[in-house]
Amino acid sequence: MIRLHDTMTRQKVELRPRRPGEVSMYVCGPTVYDEPHLGHARTALTYDLLRRFLEWEGLRVVMVSNITDIDDKIIARAAEEGRSEADLAEEQAAFYIEQMDRLNILPPTERPRATEYVQPMIDVISDLLDRGAAYGVEGRGVYFDVARLPGYGRLAGRNLAQLLEDAGSRVSVDEAKHSPLDFALWKAARPGEPRWDTPWGEGRPGWHTECVAMSMSLLGEDFDIHGGGDDLRFPHHQNEWAQVEATGRKFARLWVHSAMLNVSGEKMSKSLGNFTTLAEALDIYDPRAMRLLVAQTHYRATMEMGPEALTSATEAVKRLDAVVRRARAEGADLDTTERDESAVETFRAAMEEDLGTPGGVEVIFSLVRAANTAFDRGDIGTGGVKVATMVELAGVLGLELGEQPPGAEAYGDDAEIQALVDARTAARQAGNYAEADRIRDDLAARGVAMEDTRGGTVWHRI
RNA sequence: GGCGCCGUGGCCGAGUGGUUAGGCAGUGGCCUGCAAAGCCAUGUACACCGGUUCGAAUCCGGUCGGCGCCUCCA
């Protein structure tokens, strides 16, 4: 039984897909007006972890993750840079996807762009207007009328009255709106801005409507999971919910939110300007280290992703790679279908309980120790099963092991290095340790490390 | 102000009412020609004060401290 924490009901609930065997999931993606930062990685990795786990459990996952390519910030940035919104958005979207690939994040089943779903958005808004749940304001746009939705605020853990009480002080009161809580479904075009024609005038879609149109168009009513970063809980997701609720349709069955990232104790965000770009970090650290670090922390807990944490995760990944190399050197059969079933079940149990990736990681490391212990005593068969199991479970977390860190380079090709390694072995066997050590130092200087195992000497680039 | 989260050993970070989380780093030992990799051992951790309990880091109350949301944001 897979359980997940549902933000709407604030409790862990069993995942019961609307269609047995298939999980439909919508995850809010980025607004592409700037480069992605570490926070985007945490969110994207979280849902990739969930998706991979569900698939490993034998479920078919239909995952939709959008790219918001029209928005106030994109318009502003494009104007600053003196180019078109489409040009900027396309460039940033491509860059975002490139970083996701580096993180080994599986491409979503569908990756819709907001501008491709303007008609569905218009349909949503028309429907809301017809039902009297929205109203137009001349020259401004169309607003959603939240006042009559009793459940509004639930995702934020609040009610309408509480929200209204704060609204006056926190949100600048807009006389044009019926209520300060009302939000824009459609924004009337201003000079020079991208625009689409509609029955109520030219303009562009409001953010909250975009995700409704895309999710409902691609997944249909009553889809299983709606996810995103915790900062989207309110108002974004609440406003999405409001629109669907007002039309009497069924929306997401379950709401999942992944926690934020802190940088030295403070939330990292674009508005605070304290963010590290993802590309920058991935140039320095093994992307697998970032993935492991994310998996070591529960997705609903705020985490710190500083240099220290990334460095320690990098070392941890090396340990995983090392045992795979050792297994090969020892001549273990890693293609075996035999598994440490007990470990697999412990892993599954941890993961089934609200995506308990930290517990899963624990299982992986306990297998590493068990494998090394087995190899130490010469039990290659047992060691091989442990490693094969470990590799599979790490794979569920999206960690491909036994690989050399990206960017690792050494002077010379494999054959040349192997020749030197062989020469060192010969020198050692001849008792010429000075020569052996000289070769070792030489290779080390070229970025090649060696490990002597009973199966022989193996080397790898660092 | 309202709502909510958190405070775990050098760092990161899990967790169940009573048995070692795990990772990184450190120290000692084993292994090694020496290393590397690895294994073993090692840290009397749970903000503070009360309470419930046979027993609480884990439940309740309070105190202090930190953070988030309430406004664009993954």
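Atoms considered below: every heavy atom in the structure, side chains included; atoms not considered: hydrogens, waters and symmetry mates.
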Exercise answer: donor-acceptor pairs, residues 183-190 of chain A side-chain atoms, under 3.5 Å, sequence neighbours excluded:
residue: A:Lys187; atom: NZ; partner: A:Asp72; partner atom: OD2; Å: 3.1
residue: A:Arg190; atom: NE; partner: A:Glu193; partner atom: OE2; Å: 3.1
residue: A:Arg190; atom: NH2; partner: A:Glu193; partner atom: OE2; Å: 3.2

Can you name the atoms? Protein N/O to nucleotides 4-6 of chain B N/O, anything below 3.5 Å, with the distance.
none

What are the atom names and distances for every N/O pair under 3.5 Å that joins the protein to nucleotides 26-29 of chain B?
none

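Ring geometry for A:Phe347 against A:Phe53 counts as perpendicular: the plane angle is over 60°, on a 0 to 90° scale with 30° as the lower cut. Taking the six-membered ring where tryptophan is involved, the planes of A:His257 and A:Trp255 are essentially parallel, since the angle between them stays under 30° and well short of 60°.
Listed by first and then second residue, the salt bridge (Lys or Arg N to Asp or Glu O under 4.0 Å) pairs involving residues 94-112 of chain A are A:Arg102-A:Asp283 (not counting sequence neighbours). The side chain to side chain donor-acceptor pair (under 3.5 Å) pairs that include a residue from residues 360-369 of chain A number zero, where partners must be two or more places apart or lie in different chains. Legend: salt bridge (Lys or Arg N to Asp or Glu O under 4.0 Å) pairs involving residues 418-431 of chain A, not counting sequence neighbours, sorted by first then second residue: A:Arg424-A:Asp452, A:Arg428-A:Asp452.
For A:Arg300, the salt bridge (charged side-chain N to carboxylate O under 4.0 Å, His left out) partners at least two apart in sequence or on another chain are A:Asp354. Legend: residues meeting side-chain hydrogen bond (donor to acceptor under 3.5 Å, both in side chains) with A:Glu90, ordered by chain and number and at least two apart, are A:Arg113. The ring-ring contact (aromatic ring centres under 6.0 Å, His included) check on A:His5 picks up nothing, with sequence neighbours excluded. Contacts of A:Asp182 classified as salt bridge (charged side-chain N to carboxylate O under 4.0 Å, His left out), with partners at least two apart in sequence or in another chain: none.
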- Determine, for nucleotides 34-42 of chain B in 5'-to-3' order, which nucleotides have protein heavy atoms under 4.0 Å from the base (write B), from only the sugar-phosphate (write S), or from neither (write -). BBBSSSS--

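Rounded to whole Å, atom P of B:G22 lies 18 Å from atom CZ of A:Phe347.
Counting only Watson-Crick and G-U wobble pairs whose two distances sit under 3.5 Å, RNA chain B takes part in these stems of three or more pairs: B:1-7 with B:64-70, B:10-12 with B:22-24, B:26-30 with B:38-42, B:47-51 with B:59-63.
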